[in-house]
There are 2 protein chains.
Amino acid sequence: MKAQPSTATLDSVDRRILSELGTNPELTNKALASRLGLAESTCAYRLRALRENGVITGRRLDVDARSLGYPLQAVIKVRLGSHSQEHVEKLYDDLTATPGVIQAYHLGGADDFHLHVAVEDAEALRDFVLQHVTVHRVVRQTETQLVFELRDGPGVLPRETA
Amino acid sequence: MKAQPSTATLDSVDRRILSELGTNPELTNKALASRLGLAESTCAYRLRALRENGVITGRRLDVDARSLGYPLQAVIKVRLGSHSQEHVEKLYDDLTATPGVIQAYHLGGADDFHLHVAVEDAEALRDFVLQHVTVHRVVRQTETQLVFELRDGPGVLPRETA
DNA sequence: TGTGAAAAGATTAACAG
DNA sequence: CTGTTAATCTTTTCACA
């Protein structure tokens, strides 16, 4: 069954698990259990429950874009001329499926979308904007900014004090 | 040794590994090998090499922010008044260490930083901006936009045709 | 719920082609 | 560089407190 994420109540063991795994995602279940002073089976059980309750939604592989021939990253801010649901959904679906797009933010406010993309070089970036973004008639305006550096913050790791 | 990421040359087996793992990061080495028609040891060897060469930089856990009590996400666009290296580095370090910050983009162009944050509610968002962003004297202006939805794109997965 | 021990499964290392 | 085997380690399962 697909549980409602928001209904899950997390106790302090769950929070410690998430905190450890957030800091060190490559821990095995065994190592995690020993850090937390739990039996392996207990730890595995909690982990599975966190997944089934939708708290842990998955894992991801971090890949170095440069190594793959995409040394240039950019944020493309997109503003629309029309906001009909149909157009917006279609555009979002298309953008999300476009190779090179790492993340696509759908926003409220001045910019309608932020696209985080990785490309080969400046020319590819120009082509990307022209061929994949402004080609959609619903797009009124774009503004492209280079990404100098991208860092991960602490994110939503549970505060230990709660 | 820390290898130079850009010097790694990827053959078609490496690319297939990355493509499979990008699509399905939870595959075990064994399952991956069988999908690609490789021996497990070969696949494991390739994987380790990809890590040592800095192509695969790590793994990450995806956690549902709502379940942890942060149902609201926003992008805070930050513009600076001064761009001295010292000030910029200090600010970036501080922001990257601030709880609630998921990612911090350092950009070239109109906005100097984009902060992707998760917070409890609108009031917490206001407090975040005031207490953690505009509190820095080097920040001249901020603009906050709500995140309606965030999707992952295909990213930099190797194209099979290369 | 949580635990410990046995069974099943996955990874690693050594070696051969 | 690839594949096979065997040893090691991890995860899963289950009876029981």
Side-chain angles (χ1 to χ4, degrees), chain A residues 1-64 67-69 158 160 162, chain B residues 1-64 67-69 158 160 162:
Chain A
M1 77 179 166
K2 292 266 182 184
Q4 297 283 39
S6 46
T7 58
T9 44
L10 303 174
D11 67 12
S12 83
V13 176
D14 291 324
R15 281 199 291 272
R16 281 163 62 215
I17 288 176
L18 291 169
S19 179
E20 283 289 343
L21 274 186
T23 308
N24 192 344
E26 316 228 22
L27 283 177
T28 64
N29 177 66
K30 187 182 184 180
L32 181 62
S34 101
R35 282 198 185 209
L36 300 180
L38 296 173
E40 294 167 28
S41 56
T42 305
C43 190
Y45 173 81
R46 302 297 285 243
L47 265 179
R48 186 152 43 91
L50 286 171
R51 278 175 178 277
E52 283 172 357
N53 291 331
V55 179
I56 293 175
T57 54
R59 311 195 130 224
R60 190 177 330 192
L61 202 69
D62 286 333
V63 173
D64 179 64
S67 302
L68 294 175
E160 291 297 324
Chain B
M1 77 176 170
K2 293 267 182 182
Q4 295 284 39
S6 46
T7 57
T9 45
L10 303 174
D11 67 10
S12 84
V13 176
D14 291 324
R15 281 199 290 271
R16 282 163 61 213
I17 288 176
L18 291 169
S19 178
E20 282 289 344
L21 274 186
T23 309
N24 191 345
E26 317 227 23
L27 284 176
T28 63
N29 178 65
K30 187 181 184 179
L32 181 62
S34 100
R35 282 197 185 210
L36 300 181
L38 296 173
E40 295 167 27
S41 60
T42 304
C43 191
Y45 173 81
R46 295 293 196 131
L47 265 179
R48 187 151 47 90
L50 285 171
R51 278 176 180 277
E52 283 173 355
N53 291 331
V55 180
I56 294 175
T57 54
R59 311 193 134 230
R60 190 177 330 189
L61 202 70
D62 286 332
V63 173
D64 179 64
S67 302
L68 294 174
E160 292 298 324

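When reading the values below, keep in mind they use all heavy atoms of this one structure, side chains included, and skip hydrogens, waters and symmetry mates. Because the structure is a prediction, the values reported are computed rather than measured. Naming convention: chains lettered A, B, ... in sequence-line order (proteins, then strands); numbering from 1 in each chain.
- Residues B:Glu40 and B:Thr42 have side chains not in contact (no heavy-atom distance under 4.5 Å, counting atoms from C-beta outward).
- The interatomic distance linking A:Asn29 (CG) with C:dG2 (P) rounds to 14 Å, in whole Å.
- Protein atom CG of B:Leu27 is 15 Å distant from nucleotide atom C1' of C:dT11, rounded to whole Å.
- For A:Lys30, the listed nucleotide lying nearest its side chain is D:dT11; candidates were C:dA10, C:dG2, D:dT11.
- One can place CD of A:Glu26 at 16 Å from C1' of D:dT10, the figure rounded to the nearest angstrom.
- A:Arg48 comes within 4.0 angstrom of no nucleic acid atom, judged by non-hydrogen atoms across all strands.
- If you measure from atom CG of B:Asp11 to atom C1' of D:dT2, you get 13 Å, rounded to the nearest angstrom.
- Proximity of a side-chain donor or acceptor of B:Thr57 to a complementary backbone N or O of A:Asp64 within less than 3.5 Å is not detected.
- OP1 or OP2 of D:dC1 has at least one side-chain nitrogen or oxygen of B:Tyr45 nearer than 4.0 Å.
- Remark: the backbone N or O of A:Leu10 is paired with a side-chain donor or acceptor of A:Arg15 at under 3.5 angstrom.
- In this structure, CD of B:Glu52 is placed 12 Å from P of C:dT12, rounded to the nearest angstrom.
- Between B:Glu26 and A:Arg59, the shortest heavy-atom contact is OE2-N, 3.5 Å.
- Nearest nucleotide to the B:Ala44 side chain, out of C:dT12, D:dG3, C:dT3: C:dT12.
- Across all strands shown, A:Thr28 has heavy atoms under 4.0 Å from sugar-phosphate atoms exclusively, and none from any base.
- Between A:Pro158 and A:Ser19, the shortest heavy-atom contact is CD-N, 4.1 Å.
- Proximity note for B:Thr42 (side chain, C-beta onward) versus D:dT2, C:dG2, C:dT11: the nearest is D:dT2.
- Distances shown here put a side-chain N or O of B:Arg46 below 4.0 Å from the OP1 or OP2 atom of D:dT2.
- Within 4.0 Å of B:Ser41, counting heavy atoms only, lies at least one base atom of the nucleic acid.
- Rounded to an integer number of Å, the gap from B:Leu47 CG to D:dT2 P is 13 Å.
- At whole-Å resolution of the value, CG in B:Leu38 and C1' in C:dA10 are 17 Å apart.
- The nearest whole Å value for the distance from the CD atom in A:Glu40 to the P atom in D:dC9 is 13 Å.
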